[in-house]
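The structure under discussion appears below in the form of structure tokens.
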Amino acid sequence: MSRRSRSLVIVSVIAALFLPVLANRDSFPISTYPMYAGTRGTEVSFVTAQGIDADGSVVPLSLATIGASDDPLVVAGELRDVVRLDQADSRCRVIAGRLGARGGDDFADVEAVELVTERHDTVASLRGEDSLRDRTVHARCGVGG
Amino acid sequence: MWSRLVDSTAPAERVAAFRMCVGVFVLLYLAIRVPVFWDLATRSGTTFDGVGLFGWRDTPLPVSMIRTTVVVAFVSGVGMTIGYRFRATAPVFALAMLLLTTYRSSWGQLLHFENLFTLHLVLLAVSPAADAWSLDARRGTIARREATTYGLVMQVACVMVVVTYVIAGIAKLRIGGAEWMFGDTLRNHISYSAVRLELLGGDGSPLAGVVVRNAWILPPMAIGSVIVELSAPIALLGGRWRNGWVAAAWFMHLAIYALMLVGFPYPLFLIAFTPFFPLERVRDIDLRRWLPVQRQSAHSP
């Protein structure tokens, strides 16, 4: 391979990798790598699913129960889409069904599942202070029928 | 630097060692993540949002196609790694992984830790990476190429790493601006990651609370990470520049994992940085030097 051809290969690879940056369009596998690049405030809204016991107290559910996955990025993205697409009721029932099917003592007190958006002051949370600023319930469904 | 890129030479064994490193890593990654890839087949189609190769699709692929691709990836991956019928197995492995990783990012959340090894697989698929240390080479039918050809493969692999980091650094300046380095952005990202994990049933990093309560440490870390990313091209100079940059980049990933539990396995396990080094010299390492028992016996009469 000539020197000119080798130069062309390297220039082409660099150009291809920079293409999404010039087009300002993230994709895969060539990307603009925007993860964690933006600024972020301290108050953030999170979509999640929570168990509710007989007293009305919130019982945190596991990642596997909420999203049938071990990847929080994937589960968080799915839940955002579910709310955006107005499918909270059906997803709530899926999670409640998952909870009922698993059985065991871990979530024995859970009587209902709520799919919610909670707004937290994340820095306050890590400082051990009260962090919940707002809570919106998108769907509520019973566990075990 | 341009001359180093274009005129670089390497033995066929270096590309072969790179092939084996990437092959073993991706096979292990696939084996560990196989439940995730397997379950992609049965995901609800309502949240499907095709990217890359699947940018034209609005609906998920058939279950059988995804699961067949997982099996094909395993089989071709073994072939690619050991260099068996490389001209067929390497492109099939690269294409299968490209399909699986692209498909995995097609559900509303682009996952950026699979980009680099996918790019390296594509590069290896079109490279003479089985000219040495392979079953194909043992058959003796492969003619060696010029050293600049193997050098080009390694340099392109390095360029992929370097450009990836530079783009990530540019993104922080372009999107976050000076605030990203000098403001509270990094503190807020760390606390965001921890709270998100806790609300999704997991546990945030125990170190997250420590650094948030001692936030003075974070702006120097933010500035340092942008410097590491933008200075990636110095790794192409080789020698101490390369060693220093690789160490800094690895430490940056280690810190990200420690503080946010966000792991980039390809660089964390150093495989991403292997093309910067003369990998073929691994065969010259005398393991007996590190075995004290054998050294004693060597001195005994």
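In the text below, chain A, chain B and the rest are named by the order of the sequence lines, each starting its count at 1.
Neither the backbone nor the side chain of A/Val58 has a heavy atom closer than 4.5 Å to any heavy atom of chain B. For A/Leu61, the part lying near chain B is the backbone, with the side chain staying farther off; criterion is any non-hydrogen pair under 4.5 Å. Residue B/Asp49 does not touch chain A at all, counting heavy-atom pairs closer than 4.5 Å. Residue contact with chain A, scored on non-hydrogen atoms closer than 4.5 Å, involves the backbone and the side chain of B/Thr102 alike. Residue A/Arg80 touches chain B through its side chain alone, counting heavy-atom pairs closer than 4.5 Å. Contacts between A/Leu17 and chain B at a heavy-atom distance below 4.5 Å involve backbone atoms as well as side-chain atoms. Residue B/Phe48: no heavy atom, backbone or side chain, is found under 4.5 Å from chain A. In this structure, no portion of B/Ser205 lies under 4.5 Å from any heavy atom of chain A. Interface remark: B/Leu197 contributes side-chain atoms only to the contact with chain A (heavy atom separation under 4.5 Å). For B/Arg196, the parts lying near chain A are the backbone and the side chain together; criterion is any non-hydrogen pair under 4.5 Å. Looking at B/Leu110, only its side chain comes within 4.5 Å of chain A, counting heavy atoms on both sides. The part of B/Ala194 that comes within reach of chain A is its side chain, from C-beta onward, which places non-hydrogen atoms under 4.5 angstrom from that chain. Residue A/Pro34 touches chain B through both its backbone and its side chain, counting heavy-atom pairs closer than 4.5 Å. Proximity to chain A is limited to the side chain of B/Val166, based on heavy atoms less than 4.5 angstrom apart. The parts of B/Val6 that come within reach of chain A are both its backbone and its side chain, each placing non-hydrogen atoms under 4.5 angstrom from that chain. Using a 4.5 Å cut-off between heavy atoms, A/Tyr36 contacts chain B through both its backbone and its side chain. For chain A, no part of B/Leu186 is nearby; none of its heavy atoms comes within less than 4.5 Å. Using a 4.5 Å cut-off between heavy atoms, B/Leu152 contacts chain A through its side chain alone, with no backbone atom that close. When heavy atoms are compared at a cutoff of 4.5 Å, B/Glu198 approaches chain A solely by way of its side chain, counted from C-beta outward. Residue A/Val44 touches chain B through its side chain alone, counting heavy-atom pairs closer than 4.5 Å. Neither the backbone nor the side chain of B/Arg145 comes within contact range of chain A, judged by heavy atoms closer than 4.5 Å.
Of the possible polar contacts, none joining the A/Thr122 side chain to the B/Val195 backbone as a donor-acceptor pair under 3.5 Å is found. Counting only distance, with no hydrogens or angles, the side chain of B/Trp2 and the backbone of A/Ser7 share no donor-acceptor pair below 3.5 Å.
Nearest heavy atoms, A/Phe28 versus B/Ser105: CD1-OG, 4.0 Å. Between B/Asn115 and A/Ser31, the shortest heavy-atom contact is ND2-CB, 3.4 Å. Summarising the geometry of A/Ala37 relative to B/His189, their closest heavy-atom pair is N-NE2, 4.5 Å, with the distance given to 0.1 Å. In terms of heavy-atom proximity, B/Leu199 sits nearest to A/Thr48 at O-OG1, 2.6 Å. Considering all non-hydrogen atoms of both residues, B/Leu200 and A/Ala76 come closest at CD1-CB, 4.0 Å.
Residues B/Thr148 and A/Arg3 are not in side-chain contact: their nearest non-hydrogen atoms beyond the backbone lie 4.5 Å or more apart. Using a 4.5 Å heavy-atom cutoff, the side chains of B/Glu146 and A/Met1 are not in contact.
Of residues 258-267 of chain B, those residues lying under 4.5 Å from chain A by any heavy-atom pair are B/Met260, B/Val262, B/Phe264.
Of the listed residues (B/Asp184, B/Leu123, B/Asp7, B/Leu53), the greatest number of heavy-atom pairs within a distance under 4.5 Å of chain A belongs to B/Asp7.
Both cation-pi conditions hold for A/Arg40 and B/Tyr192: the charged atom is under 6.0 angstrom from the six-membered ring centre and inside a 45 degree cone around its axis.
Listed by first and then second residue, the side-chain hydrogen bond (donor to acceptor under 3.5 Å, both in side chains) pairs involving residues 154-171 of chain B are B/Ser8-B/Gln155, B/Tyr165-B/His253 (not counting sequence neighbours).
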